[in-house]
Amino acid sequence: MTHVKSNMLMACLLTFGASIASTASAEVKLDLANEYSATSLVGQADTFFVEAVKRHSNGEIVVTPHFGGALGFKSKDHFDAVGDGAVPIAGTYTGVFSGIDPVFALSAMPFQAPSLDDAVAMFEVAKPYYEKVFAKHNQKLLYASPYTPTGIWASKAIKNDADLKNLKIRTYDAAGLGTLKAIGAAPIQLSWADVVPQLSTGGIDAVLTSDESGINGKFWEHLTHFNAVPYSVAINMTHMNLDTYNGLTEEQRAALDKAVAETQAENWRRVAARIERNAKVLKDNKVVVVAAPEALISKLQTAAEAVLNDWVEVMGDDGKAIMKAYRERSSK
């Protein structure tokens, strides 16, 4: 082979290799699992992220969301699935991870952060602690997605603790389980996918969740009242396999990080408008919204205090530091 032909062949091979590399970089495809529906607040947050990633990466990163547990994973499965790389990204109500690390019980700690402003303050104070646990398990925290405030869906107005006595009520985490047991209810911890089937069969009589989640589940087909209590603003967290994140190019990581920041800002804005919209949806579907009496709230807060104290004891110095920083910030 002549020197000229050899150089031409080498040039062709280099061009072909560059073409393959370019094609590969344009075909980063990632699945995102979410147990909730696409129309839910947390579903809309993940959809916004998907679109923002595509825009900032100029189409190099394509994230495909799978809502309603379509990939076969429930929220409680997401931690291991993302850490092991079975699913690259998941949007999860992370209270179900409290058995993995107690810090995940914080976001829905009863009667500690009942307003959106409180929820933002608590998340930002605790974010470094969440990030540390995710990183320890080969994951990266991307962003948080708030729900609207949590209340109690039931077939009646709940006026006192006697109305909660032996009530079979679904809760979503151990903190809710402890609080409701302490006041005499019969709570059952269920994943979201199991809630409507249990309502349909009479397995549960009430549900601790937001008005938002109840609307997405069309709870008015089973329950008539939404009892508004200053319980909490629960949040989802969208998390990513760390190896997958680190495997992106520097430019791709920068694009994804921009999408994350944009999504987080949008998430806090979206929920305020959703609270107003949900009030109309409840009214249109003849759901009776009841403000919980102060005496009932006081008893629930007392029950919840023991749950918080137990959490702080388990968390140790980290728990004390988080609550001290949160209370200083929320009192300003």
Side-chain angles (χ1 to χ4, degrees), residues 34-48 65 67-70 75 91 93 95 108 110 114-116 119 145-160 163-164 167-173 176 180 185-236 266-293 296-297 300:
N34 191 318
E35 192 177 3
Y36 292 83
S37 70
T39 58
S40 67
L41 269 171
V42 295
Q44 289 184 344
D46 285 344
T47 297
F48 184 94
F67 296 110
S75 295
Y93 167 63
S115 73
L116 180 59
S145 310
Y147 296 86
T148 54
T150 295
I152 298 174
W153 284 81
S155 58
K156 62 182 180 182
I158 296 175
K159 300 177 182 178
N160 50 51
D163 290 328
L164 286 169
L167 185 69
K168 292 185 294 183
I169 177 171
R170 175 263 183 174
T171 185
Y172 42 73
D173 62 6
L180 291 165
I188 303 168
Q189 188 173 342
L190 291 174
S191 187
W192 175 250
D194 297 324
V195 174
V196 173
Q198 287 293 317
L199 279 174
S200 300
T201 60
I204 53 175
D205 302 316
V207 182
L208 179 74
T209 193
S210 63
D211 60 354
E212 166 72 19
S213 293
I215 287 169
N216 284 301
K218 296 184 179 179
F219 279 9
W220 50 79
E221 295 178 355
H222 309 280
L223 304 170
T224 56
H225 289 65
F226 179 72
N227 295 272
V229 295
Y231 186 89
S232 72
V233 176
I235 60 173
N236 259 38
E266 178 62 21
N267 288 349
W268 299 129
R269 287 193 293 265
R270 184 186 293 111
V271 70
R274 193 66 162 234
I275 290 171
E276 293 183 15
R277 169 262 192 187
N278 286 353
K280 182 178 186 305
V281 174
L282 295 178
K283 183 178 179 180
D284 289 347
N285 286 281
K286 298 181 173 55
V287 176
V288 181
V289 178
V290 183
L296 174 60
I297 293 171
L300 284 166

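Keep in mind that the numbers below use all heavy atoms, side chains included, and drop hydrogens, waters and symmetry copies. We number each residue from 1, following the sequence as shown.
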*Asks:* Evaluate the side chain to side chain contact (heavy atoms under 4.5 Å, CB included) criterion for residues L300 and L164: first the C-alpha distance (whole Å), next the side-chain angles of each, then the deciding distance (0.1 Å), finally the verdict.
*Replies:* CA-CA 11 Å; L300 284 166; L164 286 169; 4.2 Å; yes

*Asks:* Working to the nearest 0.5 angstrom, can you tell me the gap between S37 OG and N216 CG?
*Replies:*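 That separation rounds to 4.0 Å.
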
*Asks:* How about P230 and I297: do any of their side-chain heavy atoms sit closer than 4.5 Å?
*Replies:* yes

*Asks:* Can you find a heavy atom in the side chain of Y93 that is under 4.5 Å from one in the side chain of V42?
*Replies:* no

*Asks:* Between CG of D211 and CZ of F219, what distance do you get to the nearest 0.5 Å?
*Replies:* 11.0 Å

*Asks:* Whether the side chain of D46 engages the backbone of A38 through a donor-acceptor N/O pair (distance < 3.5 Å, no angle test) should be reported.
*Replies:*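 Not at all, since once roles are kept as given, no pair shorter than 3.5 Å links the two residues.
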
*Asks:* Looking at residues at least two apart in the chain, or sitting in another chain, which of them share a ring pair (Phe, Tyr, Trp, His ring centres under 6.0 Å) with Y147?
*Replies:* Y36

*Asks:* List the atom of F48, the atom of E266, and the distance in Å for their closest heavy-atom pair.
*Replies:*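 For F48 versus E266, the nearest heavy atoms are CE1-CG, 3.8 Å.
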
*Asks:* Specify the closest pair of heavy atoms between E212 and L41, including all atoms of both residues, with the distance to one decimal.
*Replies:*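 In this case the closest contact between E212 and L41 is OE2-N, 3.0 Å.
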
*Asks:* Test R274 against I215 for side chain to side chain contact (heavy atoms under 4.5 Å, CB included), laying out the working first.
*Replies:* CA-CA 11 Å; R274 193 66 162 234; I215 287 169; over 6 Å; no

*Asks:* Could you give me the CA-CA distance, side-chain angles and deciding distance for V196 and H222, then say whether side chain to side chain contact (heavy atoms under 4.5 Å, CB included) is met?
*Replies:* CA-CA 9 Å; V196 173; H222 309 280; 4.2 Å; yes

*Asks:* Knowing that exactly one of I158, I152, I188, L190 qualifies, which makes a side chain to side chain contact (heavy atoms under 4.5 Å, CB included) with I169?
*Replies:*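 Going through I158, I152, I188, L190 one by one, the side chain to side chain contact (heavy atoms under 4.5 Å, CB included) with I169 is satisfied by I152 alone.
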
*Asks:* Given 3.5 Å as the limit, does a donor-acceptor pair link the side chain of S213 with the main chain of S210, or not?
*Replies:*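 Between the backbone of S210 and the side chain of S213 there is no qualifying donor-acceptor contact (under 3.5 Å).
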
*Asks:* Check the pair T47, F67 against side chain to side chain contact (heavy atoms under 4.5 Å, CB included), reporting the backbone distance first and the verdict last.
*Replies:* CA-CA 10 Å; T47 297; F67 296 110; 3.5 Å; yes

*Asks:* Start with the C-alpha distance between S75 and Y172, add both sets of side-chain angles, then the distance that settles side chain to side chain donor-acceptor pair (under 3.5 Å), and finish with yes or no.
*Replies:* CA-CA 11 Å; S75 295; Y172 42 73; over 6 Å; no

*Asks:* Kindly check if the number of other-residue, nucleotide or ligand heavy atoms within 6.0 Å of CD (E276) is above 12?
*Replies:* no

*Asks:* Please answer whether the main-chain N or O of G202 pairs with a side-chain N or O of K168 as donor and acceptor at a distance below 3.5 Å.
*Replies:*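 Side chain of K168 to backbone of G202, a donor-acceptor pair under 3.5 Å: yes, one is there.
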
*Asks:* Looking only at atom types and distance, does a side-chain atom of N267 sit under 3.5 Å from a main-chain N or O of A45, one as donor and one as acceptor?
*Replies:*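 No, N267 side chain to A45 backbone: no donor-acceptor pair under 3.5 Å.
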
*Asks:* So among S115, P146, P114, which one has a side chain to side chain contact (heavy atoms under 4.5 Å, CB included) with V233?
*Replies:*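 Running side chain to side chain contact (heavy atoms under 4.5 Å, CB included) over S115, P146, P114 with V233 returns exactly one hit, P146.
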
*Asks:* Just wondering, do N236 and N34 contact through their side chains at under 4.5 Å, heavy atoms?
*Replies:*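 Side chain of N34 against side chain of N236, heavy atoms only: contact under 4.5 Å found.
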
*Asks:* State which residue, out of D194, L180, V195, fulfils the side chain to side chain contact (heavy atoms under 4.5 Å, CB included) condition with R170.
*Replies:*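 Output: one option passes, namely V195.
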
*Asks:* Quick one: does S155's side chain have a donor or acceptor within less than 3.5 Å of a partner on T224's backbone?
*Replies:* no

*Asks:* Do you know which two heavy atoms are closest between F226 and T209, and how far apart they sit?
*Replies:*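 Heavy atoms of F226 and T209 come nearest at CE1-O, 3.7 Å.
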
*Asks:* In Å, rounded to the nearest 0.5 Å, how long is the span from OG1 of T148 to CZ of R277?
*Replies:*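 If I round to the nearest 0.5 Å, the distance is 9.5 Å.
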
*Asks:* How far apart are the closest heavy atoms of V290 and A157, and which atoms are they?
*Replies:* CG2-CB, 3.9 Å

*Asks:* Between W220 and H225, is there a donor-acceptor pair closer than 3.5 Å when you use the side chain of the first and the backbone of the second?
*Replies:* no

*Asks:* If you compare all heavy atoms of G151 against all heavy atoms of V229, which two are closest, and at what distance to 0.1 Å?
*Replies:* CA-CG2, 4.1 Å

*Asks:* Can you see which heavy atom on A154 is nearest to which on L223, and at what distance?
*Replies:* O-CB, 3.5 Å

*Asks:* Drop me the distance from L116's CG to I275's CD1, to the nearest 0.5 angstrom.
*Replies:* 6.0 Å

*Asks:* Nearest 0.5 Å please: distance from the OG1 atom of T150 over to the CG atom of L208.
*Replies:*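 T150 atom OG1 to L208 atom CG measures 6.0 Å (nearest 0.5 Å).
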
